[in-house]
Amino acid sequence: MRNEAGDIVQDQVEDLKQLGQEWKDKARAAGNAAWDATCATYQQLSDKTIEYSKATDKVIREKPYAAIGIAFGVGVAIGLLAMCGREDDEY
């Protein structure tokens, strides 16, 4: 009787170890897949950022005064928005 109970417990322990190893393997595979997807997305974003940076640089070099005017206008708009949000209108 005692030997049978020990065998049952030992079998259960082995089953739990095997199940734990299976879960560990699945988790590792899922983690690796997520890492690969993250790296691919990062590379795509990096490539797009470089592409857009080069395009912006080209436009600024072709039309520097327009770029300065746009930057000035955006700065003024941000300044006006910041001043409108103030509660005390003392200058």
Side-chain angles (χ1 to χ4, degrees):
M1 179 86 166
R2 187 166 240 235
N3 196 15
E4 289 179 22
D7 290 343
I8 292 172
V9 169
Q10 187 63 31
D11 289 344
Q12 292 296 320
V13 168
E14 291 301 321
D15 289 345
L16 285 174
K17 284 182 181 179
Q18 183 179 2
L19 182 61
Q21 185 63 39
E22 289 174 10
W23 285 358
K24 180 180 165 185
D25 293 341
K26 287 180 182 179
R28 180 173 282 130
N32 288 337
W35 178 255
D36 292 342
T38 301
C39 288
T41 301
Y42 171 78
Q43 189 61 46
Q44 290 174 348
L45 289 174
S46 178
D47 293 344
K48 286 289 185 185
T49 301
I50 291 170
E51 178 184 333
Y52 293 149
S53 295
K54 288 179 180 179
T56 302
D57 184 59
K58 181 180 176 185
V59 170
I60 289 172
R61 289 180 189 275
E62 289 175 358
K63 300 178 182 181
Y65 294 114
I68 291 170
I70 291 171
F72 178 76
V74 170
V76 168
I78 290 172
L80 289 174
L81 288 173
M83 289 187 64
C84 288
R86 293 179 59 185
E87 290 184 22
D88 61 302
D89 290 327
E90 295 180 27
Y91 298 108

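Side-chain N/O atoms of Q18 and E14 include no donor and acceptor closer than 3.5 Å.
D47 CG to Y42 OH: the interatomic distance, rounded to the nearest 0.5 Å, is 9.5 Å. Atom OG1 of T56 is separated from atom CD of E51 by 10.5 Å, given to the nearest 0.5 angstrom. Remark: K58 NZ to K63 NZ distance equals 11.0 Å, nearest 0.5 Å. Between the NZ atom in K17 and the NZ atom in K24 there is a gap of 12.5 Å [rounded to 0.5 Å]. How far OG1 of T41 is from CG of D36: 10.5 Å, rounded to the nearest 0.5 Å. Distance check: D57 CG to E62 CD gives 10.0 Å after rounding to the nearest 0.5 Å.
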Would L19 and E22 count as a side chain to side chain contact (heavy atoms under 4.5 Å, CB included) here? Give the steps.
CA-CA 5 Å; L19 182 61; E22 289 174 10; 4.1 Å; yes
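If you chain together hydrophobic residues whose side chains sit under 4.5 Å apart, I60 and V74 never meet in one group.
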